[in-house]
Amino acid sequence: MMELPTKVLIGDGVLSELGEFIGDSAGRKRVVVASGSNVKSKVRDVVDATLGSKATWVEVAAADTVNVDRVMRASAGSGCIIGVGGGKSVDVGKLAAFRKHISFYSVPTSASHDGISSPFASLKGLDRPYSVMAKPPLGILADIDVIASAPRRLLSSGCGDLVSKLTAVKDWQLANKVTGEYYGSYAANLALMSANVVIEDSKRIGKFGKGSVRDLVEALISTGVAAGIAGSSRPCSGSEHLFSHYLDLLAPESGLHGEKCGIGTIMMAKLHGLDWRGVRTALVNVGAPVSAAEIGVSDEKVIESLVRASSIRPDRYTILSRSKMTKAGAAELAGSTGVV
Ligand SMILES: [Zn+2]
C-alpha cells in the first residue's frame, strides 16, 4: 500500500496562502491548529488572517501522548488538523488526525527531520522508543522565508537525518539478502538521492541560503515520500536510527534527532564499508556535530548504545544484527571514527 501526500506547496511567503491551500477540506467546520508557543507567537497573525475565524489554536508543549489526547479533544467536530511547527507539533497533530480519521496538513517552520512529510509519528508515551505508523499529511506547505529564519542548528540537524539514508538503505539491502524481506529499489533510490543532496554539495548547503534551504526541504519531503512508497520506514531508518533511539533512552535531553542520526551514520557507514570520512566531512561542512562531546553525551553512553541498539527493535535486521557488537568492538568503532 502506497500512501502519499496529495499536494505540496513550497515557496517564499506561502504561509499567507494556507487557507487557500487547505481549500474546502474542512468545509464549514473548524480547523484545529496545533503549535508550540514560540512558533505560535511568530506566525499567529499570518495564519489567523488566512484561515479567517475558523482556526482553533491548541498549544503543544511536548511530543507525547498527553498532547495527542489534548489535540484530539480539541478537534471534536473539526474538519482537519494543521500541525504548524518543528518536530513536535507536526508529530502530535499527525497522530491526533490519524486517530480521529480526519485530514492532516503539515506546515513545517523548520527542517530538522523528515517527519514533516512521512507517514510516521515519533512520540513519548507510546509502547516503543521509535516511531509509529500513522498516515502521511494530506498536504505540506513549506514557507522558505519562515524555515530559513529557523535556528541554524535545526537546519544542520535536518542534514543529519538526510545523510542517514545512506546507511538505512544499506541495512535494507542487507535485510533483503539475509532475511528475504521486501526491498524496493525505487524507494531506496529516492532516499539515496535525498542523502546525496547533502553529501555531494555540503559546502553550499551549509551556507543555508534560501536556495539551499529549499533543496534541504525538498530532500526531506522526498524521503518521507520514499517511506510512503515503501510502506515502511525502511528507506529512511536503519541501524543509525536504532543507535539514535537507544541514545534517546540513555540521554533524553542530549542532541536533536538528526544530530544523533548523523553521528550514528558515520559509525554505521564504517561498518558497512562505505566512505564514512565523506559522511563526516559533509556533516562538518553543514555545521552538524560529529562527536559525542559536541552533543554532551558521555563516551560510555555512546558505547552502550552501540552494543544495545539492535535490542530495541529485534524485528529490524541491520548491520548491527550481523555484527553482534561487543563493548570492545563498539569502543573501537566509536574511537576510530572520532565519535568518542
Ligand atoms: Zn529520522
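In listed order, ligands and their atoms are each counted from 1. This one's a predicted model, so the numbers in the text were calculated from it and none came from an experiment. For the numbers below, each heavy atom of this structure counts, side chains included, while hydrogens, waters and symmetry mates do not.
Pairs of residues two or more places apart, or lying in two chains, that qualify as ring pair (Phe, Tyr, Trp, His ring centres under 6.0 Å) and include a residue from residues 249-303 are His241-His257.
Residue side and main chain included, His257 places an N/O/S atom under 2.8 Å of the Zn ion (ligand 1). At least one N, O or S atom of His241 sits under 2.8 Å from the Zn ion (ligand 1). Metal site remark for the Zn ion (ligand 1): Asp161 contributes an N, O or S atom at a distance under 2.8 Å.
Within 6.0 Å of OH on Tyr182 lie more than 12 heavy atoms contributed by other residues, nucleotides or ligands. Atom NZ of Lys135 sits in a sparse spot, with 12 or fewer heavy atoms from other residues, nucleotides or ligands closer than 6.0 Å.
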Pair Lys94-Ser118, side chain to side chain contact (heavy atoms under 4.5 Å, CB included): steps then yes or no: CA-CA 10 Å; Lys94 193 192 289 173; Ser118 76; 3.5 Å; yes

